Each structure stands twice: as structure tokens, then as C-alpha cells.
Amino acid sequence: MDFNLLFTFADFKAKAVPILIGILFFGLIIAIHEFGHFIFAKLFKVKVNEFAIGMGPTILKKQCKETKYALRLFPIGGFVSMEGEGEESDDERAYCNQKTWKKMIIISAGAVFNLILGFILCVVLVCGEDAITSKKISSFYEGAASNVQLQLDDEILEIDGKHVFSSYDITFLMQRNATGKFDFTVRRDGEKVELEGVPFQKVTSGNFNYKDRVISSVSANLKRAGLRDGDLITFVNGEKVTTDDELIAAIRKDTDFVYSLTVEREGESLSFDGIEFMTVTIFDFTVYPEEKTFISVTKEAFGYAFSLGRMVYLSLFDLIRGQYGINDLSGPIGTMSIITEIAEESVATTDYSTLFMLFAMITINIGLFNLLPVPALDGGHLFFMFVELVIRRKIPQKYVSWVSAAGLVLLLIFMAIISANDLWKWISGIGFM
């Protein structure tokens, strides 16, 4: 028996299954979105010329009466082609000849179906957990910093002015603030209490691995700063370090997490100033569990879905104000890479909770992103329809088509940049900027 062949097949299976999972789930998310458009178009008797999953060359197709159903090669999109969509038509069943309220329902149905799928995935996640977590503090860890203001049995209502829908919000909202101090609103003894500047400890995380001061797995931002795998750290902020313990101590001394590092590389001493480390907040309290009931599961799933949905818009706002850069974005290539990586870990550990959370976040992200009033997106079409309702007359289709075409070109250019950056990160580990 050829054991090398068996190993190769097993290794191929271990890699192929996560990729297949990613393709299937990504395809499902797209199919659900397009099915939303399709089913309401059919319900309103609108003529549908083609319903396709995927983009590019057609792999499979079947003509059923007036509609062609197609599966295309690349699982990165899909579409519903309706008669009179983006053009004028004399057919009374054409999309362009429908009442505005019908068109609004057809266009918004795709995003709504994505949000419904996201909620279903949240229900699955909550049902799979050992317990439902509340927002009420049950204990503090030893050495906690936040208990100078927070107290046992405080119910967390807001963090930095943002409502806490579920316990998942606590993690996300506290990672948005880099200062380590947060404004809390809690319910204490039946009354709302405002707490300003509640302190939490922050520690470095995900910057690099090290052994005997030799660094490895350098993060992308440190690679852009000039550090490389194999560099030997000799000084931190001017302080000489000779052991891993001294390295840790020197790093922990700097509470701003901005460092000057000196390393040895191939016999040469190199210095790097203003190296900014990524950090995470240490959550130093726990919350009470709640009993699983139909009501509590539904409530928690809704809260989780709202949390993920708000995360999309808050992240977009953070991107606009410069908190994130292009390297923090992922297109289809980067998303599939993340899906595959998490799917591989899920297959190995048989724990699929992180994978389901990722798909819930992606489908809710797609649903809400499509509702943005951007030309070429569903939200852009809805915006024109709202304008039509206000001015009480139809906007000429040619103007809508021109704006949509311009928006599509800009969107494709943006996606091309993001995809190129994804490829470069995959090849080199460093993004464009």
C-alpha cells in the first residue's frame, strides 16, 4: 500500500473540505439574496428572463417557460434579470412598468432575505451555546481595574453612548476605543447610573511571536514598519533586553504601546522608531447566565443580529473617520480566505460556532451594505424610488441608468483595488498601505 498516496489524499481532503464549505455557504448567501428579488418579482407577475447564481461563463442552465435558471462558474455573485430592468419596455409585465411600491418591495427583498438568514444563523448560534449570557455583572477577576466604578449586579445598558443589545456588544464596543477608558451607563438598584472613564487594562496582542527574543509571524503593520521574521530584539525603548522575560517586562512598561526597537538582522543592527503595537482590552468581569427558554433564545438572537448589523455601520463610520485603512478591508478573495481558514479550524475541532458567527456577520453585512444609498446597489435604486414618491413623477430611465452605470464603474474599481490588495496580502503578508 502506498502510504504517501494516502497521506496526500488525507491532506487534500483536509484542505478541500473547508474550501468547499466556504464556497457552499458563500453561494447560499448569494442565492438567498437573489431568491428574495426573484420570488417577489414572480409574486407580482413581473417577467423574469434569467435567475443566475454565480458570475462568468454558464456551467448549467435550464429553460422553464419564460425564465432561464443558470449556475455560473465564479461563486462571487448572482443576479435576477427582469424584463425592463434598466431599460424601457412596452411589456405590461416589465419591471419598469410596475407601480413604485411593488418595485421597492422587489428591490429590498434581497437584503431582507439576507437579514432573515442572518437571524436564523443567530438562533442556531444561541441554541448551540451552553448558556445565554446576560448583561449583568456577576463577578470580577483578581486584579480587576474596572471595579473601582462598576459594581456587582450592575446591568450594562450603554458603552460610550452606544446601546448594548446583547453581551456581544460589550466586546465590540470596547474594542472600538483605544484609550482603555470607557463611559458606562448601568442600571443599579433600579436606577440608571452614568459612569465616566471606567478604566480597563490593555495589553499587546497579535503583533508577533517570539522565542529567545527572535521574532516570527510578524503582523502586517509591523512588516510595513520594517520588522521581519528572524529579527533578534536587543533593545526596547533604549533598554537592553537579554531574555524573553526582560523583553516582556520592557514591553509592558510602555502604556502607550508605541515603541523604539533595535534588532539584529544578519549581523547588522537596525533601529525602528514609533512602532505602534496592536492592543486588546482585558475584560475583567463576568456576567450572569440566563435560563434557555423560547423567549430568551429569541430575544438573544434578535439582540445578536442587531449587534452584528450595527457593527457594519459603526465599522463603516470608523473607516470614514480614518480609524481603519484599506488593509483592514477584505473583498471576495480576502473573505473566502478568512472563511476557508476558519472552516479548516472548525473541521479540525468539530466546533462550528465561529464559522456560523462569521456567516451570520457576512449575510447581515451583505444585506445592510446593499441598502446603502449608493448607485448600482439596491439602496441606490430605492433612493431613486423615494425621490419619485416625493416628486410624484417618474424619473426618466436614462438618467437612472447613467447614474447606476457610473456607480457600478466606481464600485468595480473599488473592488478591483481591494481584491488586488487581498492578493498582495496573501502573497507577501503586507497590504498596499
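For the numbers below, each heavy atom of this structure counts, side chains included, while hydrogens, waters and symmetry mates do not. Quick note: residue numbers are just sequence positions, from 1. Quantities reported herein were computed from a predicted structural model and do not represent experimental measurements.
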Between Glu266 and Arg228, does any side-chain N to carboxylate O distance fall below 4.0 Å?
no
Validation row: Thr234, Val263 side chains within 4.5 angstrom (heavy atoms):
no
Any side-chain heavy-atom pair of Thr133 and Tyr168 under 4.5 Å:
no
May I ask you to check whether Ser307 and Asp169 show a side-chain donor-acceptor distance below 3.5 Å?
yes
Between the side chains of Asn49 and Glu83, is a donor N or O closer than 3.5 angstrom to an acceptor N or O?
yes
At what distance, to the nearest 0.5 angstrom, does CZ of Phe235 lie from CZ of Phe272?
15.0 Å
For Ser89 and Lys47, which I'm curious about, is there any donor-acceptor pair between the side chains at under 3.5 Å?
no
Between Tyr95 and Phe44, is the ring centroid distance below 6.0 Å?
no
Charged N to carboxylate O below 4.0 Å: is that the case for Arg72 and Glu50?
yes
Do Lys135 and Ser167 have a side chain donor and acceptor closer than 3.5 Å?
no
Can you see whether Ser139 engages Thr286 through a side-chain donor-acceptor pair at a distance of less than 3.5 angstrom?
yes
Check whether any side-chain heavy atom of Val124 lies under 4.5 Å from a side-chain heavy atom of Phe359, and answer yes or no.
no
Short N-O contact, Glu66 and Lys42, less than 4.0 angstrom:
yes
